[in-house]
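I have placed the structure first, in the form of structure tokens, so that the comments after it can refer back to it.
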Amino acid sequence: MSFLKDLNEVQQQAVKYVNGPLMIVAGAGSGKTRVLTYRTAYLIQIGVPAYQLIVLTFTNKAADEMKNRIIKLVGDKSQNVWMGTFHSMFARLLRNEAEKLGYTSNFTIYDTDDSNDLIKSILNKFGKSIQSFKPAAIRAKISSWKNRLVTPEQSARNIKSTFDEISVDVYREYTKRLKESNAMDFDDLLIKPIELFKTFPSVLDKYQERFKFILVDEYQDTNKAQYEMIKLLAGKYRNVCVVGDDAQSIYRFRGADIQNILSFEKDFPDCKIFRLEQNYRSTKLILSAADQVIQNNKHRIDKKLWTENPVGEPITLLTCENEMDEGEQIAQKIKHSIKKYKIDFKDIAILYRTNAQSRSLEDALRRNSIPYVIVGGVEFYKRKEIKDVLAYLKLIVNPKDDISFKRIVNYPSRGIGDVTLKNLEKIASKYNTSLFEAIDLLEQVIDFSDKSAERLRNFKNLITKYIQIKSVLKPSELSRNLVEEIGILKEFKEESTPESIARWENVQELLSAIMEYCSTNEDASLESFLQEVSLVADIDKWDSTHNAVTLMTLHSAKGLEFKVVFIAGLEEGLFPINQSLMDEAELEEERRLFYVGITRTIKKLFLSYALKRYYMGDLIYPQLSRFFYEIKSNLIESEEYSISRKVKNKTFTNHEFKVSKSKFYEYENESQIPSYLDIGAYVLHNYFGKGRVIEVSGNGENTRVVVDFENVGRKNLMLKYANLKVL
DNA sequence: CGCATCTTGTAATTT
DNA sequence: ACAAGATGCG
Ligand SMILES: Nc1ncnc2c1ncn2[C@@H]1O[C@H](COP(=O)(O)OP(=O)(O)OP(=O)(O)O)[C@@H](O)[C@H]1O
């Protein structure tokens with residue numbers, strides 16, 4: 001068992017603690033994921049058959065990496081481990097057991113958009129306007145019920161508003177319609193197995209026997225349903241190992257509940273707890289900063305974290321004129337870091353709170369010829385033309401899928417409009433069938449225009465044809481024929497605008513993706529391809545070997561590490577985000593997100609904020625985030641952007657930790673910064689030039705001034721960083 | 001029914 | 001700033 005030498009003492013103990021429940025709660029970079037990986041390898045090595053293990057990770061990518069690592073450690077026999085996200089593992093299980101729940105194994109997985117569409121159509125049927133009752137809000141409400149295992153009946157017991165009332169009604173109908181459409185939403189993939197296990201104890205028993213060892217990574221972000229599932233599956237053999245860090249719980253909005261950490265100890269009172277305290281990832285300075293930040297959270301489990309790594313360099317704050325300048329400064333620092341640390345582009349990540357921020361950053365990187373990849377954003381599979389083609393494929397696999405039906409029945413144009421569709425819906429509803437099946441009933445209906453009926457029948461024949469050839473053609477061939485027959489490629493080509501060419505390319509890319517899927521998977525079917533598409537996360541598609549700077553949200557960065565990290569947009573209202581400011585719990589989650597961001601860093605962390613930013617079309621003047629001030633200033637080195645411009649390469653000379661004085665102190669000692677300013681005083685700014693003080697607010701370190709500059713107008717500045725000279 | 005133009009809401013994070 | 005949805009006309 002030579003590979004155990006890669007682990008420290010406590011890690012080894014956790015790996016070798018084979019039987020019974022155990023939990024590892026430990027800080028960032030302490031090797032939790034490594035323990036889970038080695039534990040899996042260890043179990044296989046000591047003779048546990050791989051198929052008896054189920055390892056639940058947060059992303060499919062993490063699962064892939066872990067699997068590859070394990071294969072390296074103990075060889076190919078580990079192929080049969082079930083390893084993946086809760087969603088993909090239980091979707092797989094459900095395919096085998098669907099019939100018991102009244103579904104068929106070709107059920108469709110509805111993504112969030114599909115769910116929203118379904119809710120719209122239900123509101124429509126109820127005669128409620130989607131203005132007063134937002135489908136997305138109702139969907140979120142229903143999802144949160146489902147995550148907490150609240151059934152439609154139970155949801156009706158606690159109605160506090162009209163919104164609740166409508167949501168309850170929609171929930172009931174939504175559940176019914178999903179089942180009629182042989183479709184499951186993301187939440188169903190978690191709650192349907194629970195329903196299955198509770199209704200059929202023999203099925204539960206089968207899977208308890210099958211999965212004798214259960215391992216869960218990123219446990220702090222599991223929700224009630226996931227926890228319930230762990231409890232059920234582990235109920236017999238109790239060989240369950242969960243690892244997590246409460247300080248990194250960042251998916252509350254998806255039902256994640258830190259309470260699960262406490263419940264685990266309660267529900268498995270004999271559970272062994274291991275604490276990992278050595279961090280192998282970051283510098284001492286980074287860990288101090290992360291710790292200082294998280295100390296501000298009331299709700300947290302105290303944990304120690306230390307490292308043998310060097311102190312490292314201070315954190316650099318970049319003050320930027322606006323979001324373009326932010327991109328530009330980051331680009332400059334990237335170029336500089338590459339040389340200074342002798343690293344590659346792929347060792348660098350730029351993290352941000354919202355996807356919308358990526359644009360200005362991208363522009364700057366492109367201008368500076370820095371290769372980059374974006375994780376997430378406007379996803380390939382969310383583009384209209386792609387969703388349209390996929391809707392055809394979904395309908396072919398599952399003709400009861402009304403949402404897909406509606407999406408494409410008139411795309412491309414077949415002269416089937418709203419009126420025809422409304423009439424068809426009435427018939428489907430009356431005879432309790434799907435829209436697709438309802439087309440057969442048209443003959444019996446008198447007041448249905450012949451022309452419309454004919455068009456619908458043509459559409460049905462088209463789909464039926466593909467349903468029939470599905471069994472003889474490979475998914476790739478079928479898709480190509482289909483795309484050819486509906487003529488969308490030709491249409492895009494003829495239109496020949498830049499957008500339509502992009503669409504043409506996208507559809508081609510989809511066809512290639514299907515082809516590739518067919519060639520890499522022996523038993524590739526349309527069903528399995530569609531499932532894969534529904535359940536891939538943004539991060540799963542990220543190629544970490546590609547030599548490019550990675551741009552992504554802080555959420556997507558969970559579990560990853562980079563030598564140099566930039567966290568952009570460190571501004572009140574953006575990070576922490578506006579919507580979190582009113583709620584203590586939400587604000588603490590924002591802080592945990594910042595903690596996650598900081599702790600991705602191996603060597604050097606940059607923080608940036610902009611003094612001006614366009615936000616939904618308006619120019620706003622953000623303030624530096626409160627989170628910044630939670631890091632002691634001796635860990636920070638700040639650079640006024642005007643200075644960084646002029647002495648670009650000089651500002652980045654060797655700053656040792658012991659030289660803990662940040663720039664601002666240096667200036668202060670030279671007494672160039674006035675500690676007090678009179679309203680009306682004339683001042684000089686390095687970049688903005690001459691101006692007059694309009695307003696002074698805050699005090700001490702947090703003093704802010706509004707200055708009306710002669711050339712550039714009003715600016716809101718931190719006195720501490722503005723480097724103003726009184727005239 | 002389909003297209004062009006106007007209006008409105010939107011960007012918080014995601015399986 | 002921008003995209004999706006609504007409105008209105010041919
Ligand atoms: N015993 C060890 N010796 C050397 N390096 C280690 C050891 N354990 C873990 N590491 C390294 O430390 C880094 C962090 O490990 P890992 O990702 O497993 O931590 P983690 O606790 O899961 O982190 P996070 O909570 O931030 O996701 C990795 O680069 C890993 O290779």
Side-chain angles (χ1 to χ4, degrees), chain A residues 56-63 84-91 109-116 120 129-131 134-136 139-140 143 146-147 184-191 218 221-223 225-226 249-256 323 351-360 375-379 381-384 410-422 449 451-452 455 499 531-540 552-558 569 573-581 583 586 589-590 592-594 596-597 613-620:
Chain A
L56 298 160
T57 57
F58 199 74
T59 64
N60 291 302
K61 184 178 171 58
T85 60
F86 274 89
H87 289 90
S88 33
M89 292 302 98
F90 291 101
I109 297 170
Y110 275 4
D111 65 19
T112 308
D113 289 344
D114 298 330
S115 296
N116 279 334
K120 265 184 224 161
S129 83
I130 58 171
Q131 270 102 309
K134 294 215 182 95
R139 194 204 57 79
S143 176
K146 292 176 93 163
N147 282 323
M184 298 203 197
D185 66 11
F186 286 136
D187 303 320
D188 284 331
L189 298 178
L190 305 176
I191 64 176
E218 306 283 9
D221 275 321
T222 52
N223 61 31
Q226 290 166 318
S249 176
I250 53 174
Y251 281 92
R252 212 172 85 105
F253 70 93
R254 223 170 73 184
E323 67 268 41
L351 311 179
Y352 37 78
R353 183 62 180 82
T354 68
N355 283 308
Q357 286 168 260
S358 72
R359 207 184 190 138
S360 52
V375 174
V378 205
E379 246 189 288
Y381 288 108
K382 293 236 166 84
R383 303 205 177 135
K384 186 185 175 299
N410 197 31
Y411 178 83
S413 242
R414 297 187 176 88
I416 301 167
D418 281 351
V419 183
T420 308
L421 196 58
K422 278 254 152 54
S449 100
K451 225 153 106 200
S452 303
R455 288 168 179 160
E499 295 84 35
Q531 167 162 328
E532 178 134 327
V533 168
S534 308
L535 298 180
V536 279
D538 295 335
I539 193 76
D540 297 337
M552 64 185 139
T553 62
L554 287 139
H555 281 88
S556 297
K558 170 152 113 154
L574 189 56
F575 193 22
I577 201 111
N578 266 324
Q579 294 90 322
S580 73
L581 299 179
D583 184 276
E586 294 269 315
E589 175 135 323
E590 292 288 303
R592 289 195 292 271
L593 193 55
F594 188 41
V596 169
R613 185 183 291 278
Y614 275 99
Y615 187 75
M616 301 215 291
D618 286 328
L619 186 62
I620 55 162

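Letters A, B, ... mirror the listed sequences (proteins, then strands); counts begin at 1.
Proximity note for A:V419 (side chain, C-beta onward) versus B:dA12, B:dC1, B:dT14: the nearest is B:dC1. For A:R254, taking side-chain heavy atoms from C-beta onward, the closest of the listed nucleotides B:dT14, B:dG2, B:dT13 is B:dT14. Nearest nucleotide to the side chain of A:K134, out of B:dT10, B:dT14, B:dT15: B:dT10. Among the nucleotides B:dG2, B:dT15, B:dT14, the one closest to the side chain of A:T553 is B:dT14. You'll find that the side chain of A:T354 is closest to B:dA12, out of B:dA12, B:dG2, B:dT15.
Taking 4.5 Å as the limit, every side-chain heavy atom of A:Y110 sits out of range of all side-chain heavy atoms of A:D188.
A:S556 comes within 4.0 angstrom of the backbone, heavy atoms only, and of no base. As judged by a 4.0 angstrom heavy-atom cut-off over every strand, A:Y251 is placed among residues touching the sugar-phosphate backbone only. Heavy atoms of A:Q226 sit nowhere under 4.0 angstrom from any nucleic acid atom.
For A:N355, a side-chain nitrogen or oxygen approaches OP1 or OP2 of B:dT13 to under 4.0 Å. Taking only side-chain nitrogens and oxygens, A:Y615 comes nearer than 4.0 Å to OP1 or OP2 of B:dA12. Side-chain nitrogen and oxygen atoms of A:N223 include none within less than 4.0 Å of the OP1 or OP2 phosphate oxygen of B:dT15. For A:N578, no side-chain nitrogen or oxygen approaches OP1 or OP2 of B:dA11 to under 4.0 Å.
For the residue pair A:N60 and A:S88, the shortest heavy atom distance occurs at OD1-OG, 2.9 Å. Considering all non-hydrogen atoms of both residues, A:L535 and A:H87 come closest at CD1-O, 3.8 Å. When every heavy atom of A:L351 is checked against every heavy atom of A:A557, the shortest pair comes out as CD2-CB, 3.7 Å. Across all their heavy atoms, A:I191 and A:K146 have their closest contact at CG2-O, 3.4 Å. Of all heavy-atom pairs spanning A:G569 and A:F575, the tightest one is O-CB, 3.7 Å. Taking both residues in full, the closest heavy atoms of A:L554 and A:V596 are given as O-CG1, 4.4 Å, listed atom of the first, atom of the second, then distance.
A salt bridge links A:D221 with A:K558: the closest approach of a Lys/Arg side-chain nitrogen to an acidic carboxylate oxygen falls below 4.0 angstrom. Ion pair A:E323/A:R359 not flagged as a salt bridge, since none of the NZ, NE, NH1 or NH2 atoms sits closer than 4.0 Å to an Asp/Glu carboxylate oxygen.
With rounding to whole Å, A:D187 atom CG is found 16 Å from B:dT14 atom P. The separation between A:F253 atom CZ and B:dA12 atom P is 12 Å, rounded to whole Å. Rounding to whole angstrom units, CD of residue A:E586 and P of B:dA12 are separated by 12 Å. The distance between atom CG of A:N410 and atom P of B:dG2, rounded to the nearest whole Å, is 5 Å. Note: CE (A:M552) to P (B:dT13) measures 15 Å, nearest angstrom. Atom CD1 in A:I577 sits about 5 Å away from atom C1' in B:dA12, given to the nearest Å. The separation between A:F58 atom CZ and B:dT13 atom C1' is 10 Å, rounded to whole Å. When the P atom of B:dT15 is taken as reference, atom CZ of A:R139 falls 13 Å away, rounded to whole Å.
The P atoms of B:dA11 and C:dA6 are separated by 16 Å, rounded to the nearest whole Å.
Between A:R455 and A:E590, the residue anchored nearer the 5' end of DNA chain B, judged by the nucleotide with its closest heavy atom, is A:R455. Residue order along DNA chain B, read from the 5' end via each residue's closest nucleotide, puts A:G415 first among A:S580 and A:G415.
Scanning atom types as modelled, one donor and one acceptor separated by under 3.5 angstrom connect the side chain of A:T112 and the base of B:dT15.
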Letter per nucleotide, 5' to 3', of nucleotides 1-10 of chain C [B base touched, S only sugar-phosphate touched, - untouched; heavy atoms, 4.0 Å]: BS--S-----
